[in-house]
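The structure appears below as structure tokens.
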There are 4 protein chains.
Amino acid sequence: MHEPDFTLSAGPTMSSPRVQQAQGRPMIFDYDPVFQERFRETERMVGELMRTEKDVVLMQGEAVLGIEAAARGVVRPGMKCLNLVSGVYAKWFGDWLRSYEAEVVELEVPYDEALDPAQVREELERHSDFELVALVHSETPSGIENPLAEIGPLAKGAGALVFADVVSAVGGTDVRIDEWGVDICVGGPQKCLAGPPGMSLVVVGEDAWAAIEANPNAPRASFLSLLDWRETWIAGGRVKFPYTPSVSDVHGVHAALGECLDDGLDAVIARHAGAARACREGAKAMGLELWPRSEEYAANCVTAIRCPEGAEVKATLEHVRERYGVMLSGGYGELTEKLFRVGHMGPGSRSLYPLVAVSALGRGLADLGVEVDLGAGANATLGVLAESREGVAA
Amino acid sequence: MHEPDFTLSAGPTMSSPRVQQAQGRPMIFDYDPVFQERFRETERMVGELMRTEKDVVLMQGEAVLGIEAAARGVVRPGMKCLNLVSGVYAKWFGDWLRSYEAEVVELEVPYDEALDPAQVREELERHSDFELVALVHSETPSGIENPLAEIGPLAKGAGALVFADVVSAVGGTDVRIDEWGVDICVGGPQKCLAGPPGMSLVVVGEDAWAAIEANPNAPRASFLSLLDWRETWIAGGRVKFPYTPSVSDVHGVHAALGECLDDGLDAVIARHAGAARACREGAKAMGLELWPRSEEYAANCVTAIRCPEGAEVKATLEHVRERYGVMLSGGYGELTEKLFRVGHMGPGSRSLYPLVAVSALGRGLADLGVEVDLGAGANATLGVLAESREGVAA
Amino acid sequence: MHEPDFTLSAGPTMSSPRVQQAQGRPMIFDYDPVFQERFRETERMVGELMRTEKDVVLMQGEAVLGIEAAARGVVRPGMKCLNLVSGVYAKWFGDWLRSYEAEVVELEVPYDEALDPAQVREELERHSDFELVALVHSETPSGIENPLAEIGPLAKGAGALVFADVVSAVGGTDVRIDEWGVDICVGGPQKCLAGPPGMSLVVVGEDAWAAIEANPNAPRASFLSLLDWRETWIAGGRVKFPYTPSVSDVHGVHAALGECLDDGLDAVIARHAGAARACREGAKAMGLELWPRSEEYAANCVTAIRCPEGAEVKATLEHVRERYGVMLSGGYGELTEKLFRVGHMGPGSRSLYPLVAVSALGRGLADLGVEVDLGAGANATLGVLAESREGVAA
Amino acid sequence: MHEPDFTLSAGPTMSSPRVQQAQGRPMIFDYDPVFQERFRETERMVGELMRTEKDVVLMQGEAVLGIEAAARGVVRPGMKCLNLVSGVYAKWFGDWLRSYEAEVVELEVPYDEALDPAQVREELERHSDFELVALVHSETPSGIENPLAEIGPLAKGAGALVFADVVSAVGGTDVRIDEWGVDICVGGPQKCLAGPPGMSLVVVGEDAWAAIEANPNAPRASFLSLLDWRETWIAGGRVKFPYTPSVSDVHGVHAALGECLDDGLDAVIARHAGAARACREGAKAMGLELWPRSEEYAANCVTAIRCPEGAEVKATLEHVRERYGVMLSGGYGELTEKLFRVGHMGPGSRSLYPLVAVSALGRGLADLGVEVDLGAGANATLGVLAESREGVAA
């Protein structure tokens with residue numbers, strides 16, 4: 001079987017030539033001065049993208065590593081935590097909190113809805129002693145974006161540490177760590193930034209560091225340890241790594257961040273928003289139903305579409321991949337067979353990629369007997385793209 | 001301005017990752033044994049693709065070099081030549097023939113038609129003493145394919161040398177040099193093979209070599225000389241180059257040919273035919289008119305579409321490139337402002353690339369005020385793709 | 001500052017064009033069928049290189065992740081462990097064992113010596129109830145190779161689980177997991193295999209799996225969890241990943257392993273041995289002293305050379321990098337300022353790379369006032385290379 | 001057989017990662033605006049490197065194409081030409097002049113000497129009516145550099161057109177087209193610039209254009225035609241190509257020129273001079289004899305070394321390539337079996353590459369029974385490198 005022609009999945013997603021070429025650079029020693037400076041520059045660019053002055057820690061494993069490291073770092077047994085759940089990832093995070101023996105209160109909404117700041121406010125007032133509030137900014141498994149801009153300040157104002165999973169948010173939607181009172185968060189390079197998956201872009205503020213230092217269970221001398229990075233790398237003047245960085249991925253992330261910043265963060269976010277809207281209009285016009293109950297909180301990274309009656313997610317995806325060389329995603333976790341996800345991240349948010357994604361799904365469903373209006377779908381997708389690209393340099 | 005997202009032009013066209021990576025290999029000395037064996041293997045693969053046992057000469061410059069070299073090689077002053085013209089390139093070839101002081105008879109059809117074997121037969125009978133018959137197999141400027149399979153044997157049977165420009169035919173449609181009696185021909189790596197443009201894939205049979213040797217005007221000690229390649233490279237046992245090969249392009253052409261042969265030549269040709277039909281159906285459904293008067297002779301490499309009333313080719317192409325990052329082509333030579341050409345060559349004939357091409361053109365025309373039915377176009381394109389890909393491995 | 005011209009460090013080390021190009025391949029979704037098959041094939045190749053039928057687990061972080069995961073997996077509080085120490089890495093491993101509350105006996109030799117099987121036998125007889133014996137096959141920080149071939153069977157025969165760090169051994173010296181009774185081990189792709197650093201090549205046998213399953217402290221639902229990989233990936237038929245693989249590094253490791261196997265494992269090992277001997281003879285002829293007290297146990301991956309009187313490791317390395325573009329290594333941990341290490345791994349063990357390494361160090365020392373016989377060093381290095389390459393295809 | 005580890009030949013030579021990556025960029029249409037701007041920028045950079053305001057024409061074939069195009073362009077039958085010969089290439093150029101029916105006077109020196117400006121002056125005075133004076137700045141086949149700085153103004157002052165082959169001079173030694181009165185010259189990208197071979201960097205001044213226009217035999221409507229480039233590309237505002245550019249090579253040449261200019265032309269020239277001197281001292285110290293009778297005119301691009309008694313060039317080169325993976329060059333044309341050439345161009349002039357070149361040759365000769373002092377050679381080479389790199393950023 002051939003490599004895919006298009007990877008428009010929920011991530012890892014297609015990367016740009018610039019990123020690919022960076023990944024293919026000669027391997028160099030992690031103590032080479034050129035590499036070290038590139039590493040430090042990558043940290044600075046992450047700060048710029050997240051609009052934060054806090055410490056950036058580039059942990060050398062996919063975002064789950066960073067999330068686990070952050071959670072194990074800050075969460076003490078008995079810590080009172082509010083876990084805000086609107087999807088699969090947040091739900092799993094709650095399991096982690098409980099396994100670390102935190103006292104967990106969970107505020108959950110259906111997975112096709114976003115968190116409601118008013119509800120969060122109520123919950124914060126009801127308890128008043130939460131030490132940690134955790135949420136997922138953009139729930140990749142269901143294509144839902146939560147209002148971190150509103151919930152962050154509420155939680156911080158209530159005296160809690162704010163923990164945000166911004167894995168699929170960064171580079172695709174506004175992420176303002178400092179302005180929104182986020183204390184610790186983890187971004188992923190393989191979603192809207194369209195870099196390689198093997199890195200966690202962790203941001204840790206002073207309050208979070210204090211919590212970690214005070215936590216006897218915080219990983220130390222461990223691949224999961226943020227403190228190792230602080231002590232060896234940061235405190236040592238950023239010349240000695242606690243663990244060997246993934247050289248090639250550092251090159252790739254550096255290129256991905258550089259591409260985003262060169263294009264201009266605001267323009268990149270607008271491009272993702274336009275691509276997402278194009279996919280939504282296309283899907284609806286084809287006769288499909290979006291997963292999010294309201295488009296107000298549909299995510300910019302992936303568009304989740306309910307699997308229509310009579311179709312099967314897995315079989316459809318395999319057919320689309322085999323017949324058309326287009327790799328899309330299904331649901332994840334408990335949503336696996338309920339929905340399709342088409343990605344529009346990084347270069348996949350450019351040009352006519354949204355048309356490819358929508359049409360591949362539609363044509364695949366049609367091949368398998370589902371009635372869809374392919375023409376209306378394509379027309380609607382193109383209509384949004386035409387409008388959203390007006391006056392934008394390609 | 002960004003690099004284009006899609007290059008679906010009349011060629012050079014988008015190349016595959018395999019070809020790109022080959023182009024990026026370390027540069028090596030042309031006398032390195034690894035390079036020399038790769039060069040010889042490239043020759044063998046060209047022979048396989050053209051289904052010929054004749055000599056292959058890889059001249060190191062874009063196909064025009066090979067065509068000029070072949071023409072100057074065989075054409076003596078006073079040589080009686082039949083030039084078959086159905087498009088821009090054949091017309092220019094006639095100018096060359098005349099400038100070499102050949103005695104030229106030209107059989108010309110309108111540029112939106114293909115050559116007619118019956119007419120050719122008549123012409124061959126009328127004169128009976130043609131020493132050379134020349135034609136273009138696939139006229140890239142107008143997307144027309146001529147029946148070389150019928151004309152080749154006719155001309156050869158009439159005692160003439162047969163000269164064929166197969167630049168945009170090879171890899172996209174059947175090219176059977178030996179079976180069809182072609183004596184000398186030139187293929188291009190940058191069209192259906194989707195390799196780099198800097199090479200001429202020249203095939204020279206014994207009759208053609210004899211003509212070249214007998215021609216006092218044939219280039220010798222010249223970058224245009226086929227004889228230099230024969231004497232230095234071929235006769236010398238293929239170890240000494242008369243001119244330095246374009247190392248990187250040899251790597252790229254080697255990869256492009258390998259990809260085509262690995263996929264299977266017949267499958268690749270079928271894929272090009274399917275993509276071409278998809279574009280034609282898409283264009284017609286949108287309400288546009290094809291350039292070829294009959295689809296029977298529409299080419300497999302590019303689809304030529306008449307520029308509709310009220311539109312301008314150049315302005316439309318620029319708009320499509322700027323707004324959507326898709327690079328298409330206009331006409332060429334005297335056809336420049338008359339038609340659009342969308343390419344579906346190499347990887348561009350795979351997956352949903354034809355949909356991207358057709359939709360980019362359609363949406364661009366719509367943006368500029370032309371009424372087109374984008375939905376019908378997309379639907380028709382997808383319909384053909386679905387059908388033509390049935391049972392074909394992606 | 002320029003990228004280095006030569007990376008002949010202790011690893012990550014210079015990779016081959018094949019590996020670089022693999023790293024630069026288009027990023028694809030981890031659920032793409034092509035990717036999944038490549039992942040499975042990578043596992044099979046690791047098994048082939050380590051000569052084992054046991055399970056291979058490709059953990060997605062540099063080798064330290066795998067080592068920590070393996071150690072946390074098998075080590076219960078109170079478990080009686082024999083930690084064999086001949087260098088920095090083994091010493092650190094003992095700290096881990098103690099932090100997991102194992103009962104640790106340590107058999108230590110000076111860091112410029114290798115472990116002695118006779119001593120190990122005595123220790124095993126003295127206690128007779130060790131549940132785990134741990135050792136480092138090749139101590140990269142000091143360029144010492146321990147006799148795993150002898151110690152493995154001894155320890156296994158004594159009823160203990162055998163844990164081996166083969167990070168810098170695999171691909172450079174013989175590693176026979178099944179024959180030598182190793183139960184769990186971790187290889188690194190960025191040393192003799194000359195791939196990217198971001199992966200742990202873990203091998204786990206049935207006895208080790210049993211120990212992990214029986215260990216209540218073994219990581220579960222954690223980036224450190226071998227069980228997660230067993231349950232989700234292996235038991236599930238190798239179609240679902242517990243964590244997102246580092247796509248680009250998988251491509252790179254796949255290529256690195258393929259290159260090694262294509263060249264032939266035995267030939268590759270012989271090449272590393274020859275390069276190591278060339279460096280040792282070169283260093284001695286220059287007037288420098290090797291770190292290992294006996295060359296019998298000098299490693300194949302890096303050659304450790306004592307820092308001569310009057311020289312400083314850090315300053316010398318910086319000078320060599322700045323003036324000559326050659327990146328070498330110093331010591332590590334407590335050995336940092338005591339020795340230099342020149343790497344001869346992967347492509348760095350080919351051609352005249354050992355001459356570059358030895359001469360760069362020698363010339364750098366000379367520039368800084370140390371008396372060295374550069375000519376004798378080069379001559380000796382070349383002499384060994386000439387002899388060791390006889391009859392070997394380049 | 002493996003790819004070579006080191007290509008230190010007379011060119012094409014090893015290219016830098018930057019150039020390799022540029023070659024591997026996605027193929028784009030030659031009418032893409034991004035490509036066109038890159039093409040124009042490449043022209044401007046050539047002008048900068050040659051220190052000229054004259055027109056730059058990038059002909060799309062290796063330098064021989066440019067030289068033939070320039071010669072055929074300017075040389076009329078009966079034109080009185082002074083051909084200055086100090087090597088194989090200049091000798092061949094005379095054959096061309098004669099075949100174009102020029103009236104040729106040849107001033108020849110032995111091929112191990114450089115041209116003597118005093119002799120040239122005499123010859124110019126003796127005839128006083130030369131219309132063209134031609135010379136090769138750097139004779140790659142024999143590693144000799146001619147004093148173009150002196151001869152150029154003399155010839156121009158005598159009223160002749162000055163034609164210079166600067167193929168292997170540009171980027172390795174000073175080339176000042178305008179200051180030295182050169183009217184037409186051709187540089188090569190695959191020598192000191194370490195780019196791909198498939199392009200001719202032609203510079204044409206107004207006097208040369210005038211001669212070409214006045215020449216009825218100047219190629220027109222031909223791949224050899226400078227006039228086609230002038231009329232279609234330059235006069236048309238640099239938007240329309242007469243022939244399709246070699247897209248990938250344009251990317252590569254653009255990168256190679258950019259690298260040279262980023263490093264600083266003067267620094268790059270100094271680096272080449274240092275590397276050349278290192279190779280000469282190394283060769284002499286080994287006991288070998290340089291080809292140039294005086295080092296004053298030894299070239300910066302390659303060092304030519306006489307083949308010692310009892311050795312054979314071809315056999316030695318094959319042995320060095322097979323045993324050590326190092327590709328060097330022998331002589332060329334009539335010098336083929338008389339000398340070795342080690343290249344030190346582009347990245348090959350950096351770091352310890354000269355040591356690799358000298359030692360590979362020396363060790364290879366030793367393997368085949370020639371007595372050489374490898375230690376003295378290495379020591380001398382390293383000594384010059386140490387000195388010449390002092391204070392230079394790596």
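Throughout, a chain's letter reflects where its sequence line sits, starting with A, and its residues are numbered from 1. Computed from a predicted structure; not experimentally measured.
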Whatever's closer than 4.5 Å to a heavy atom in chain C on A:S15 counts as both

State, to 0.1 Å, how close C:Q23 and A:S248 come at their nearest heavy-atom pair, and which atoms those are.
-> NE2-OG, 2.5 Å

Check whether C:Q60 gets within reach of chain A through its side chain, its backbone, both or neither, counting any heavy atom under 4.5 Å.
-> backbone

Side chain to side chain, A:T244 and C:V64, heavy atoms closer than 4.5 Å = no

Proximal component of A:R25, with respect to chain C [non-hydrogen, under 4.5 Å] = both

So, do C:T336 and A:K240 sit near enough that their side-chain heavy atoms are less than 4.5 Å apart?
-> no

Just wondering, more than 12 heavy atoms not from A:E337 lying within 6.0 Å of its CD?
-> yes

Gap between atom OG of C:S9 and atom CG of A:D32 - 0.5 Å precision = 8.5 Å

C:Q21 side, atom CD; A:Q20 side, atom CD - distance, nearest 0.5 Å | 12.0 Å

How long is the gap from CZ on A:F223 to CE on C:M59, to the nearest 0.5 Å?
-> 9.0 Å

Atom OG1 of A:T7 and atom CZ of C:F35: how far apart are they, to the nearest 0.5 Å?
-> 11.5 Å

Separation of A:M27 CE from C:T13 OG1 (nearest 0.5 Å) | 10.0 Å

Given that the side chain runs from C-beta out, which part of A:P245 has a heavy atom under 4.5 Å from chain C: side chain, backbone, both or neither?
-> backbone

When you look at CD of C:E312, are more than 12 heavy atoms from neighbouring residues, nucleotides or ligands closer to it than 6.0 Å?
-> no

What pair of heavy atoms forms the shortest contact from C:H2 to A:V34, and how long is it?
-> O-CG2, 3.1 Å

Under 4.5 Å to a heavy atom of chain C? For A:W96 that would be side chain

Can you check whether C:P26 reaches A:M14 side chain to side chain, under 4.5 Å on heavy atoms?
-> no

Is there a side-chain contact between C:P12 and A:D30, using heavy atoms and a 4.5 Å cut-off?
-> yes

C:Y31 versus A:S329: any side-chain heavy-atom pair under 4.5 Å?
-> no

Between C:S222 and A:E68, does any side-chain donor sit less than 3.5 Å from a side-chain acceptor?
-> yes

Give, for atom CG of A:L8 and atom CZ of C:F29, the distance between the pair rounded to the nearest 0.5 Å.
-> 11.0 Å

For A:P197 and C:S246 the tightest heavy-atom approach is CG-CA, 4.0 Å

Selection from A:G61, A:P4, A:G198, A:P196 maximising heavy-atom pairs under 4.5 Å formed with chain C = A:P4

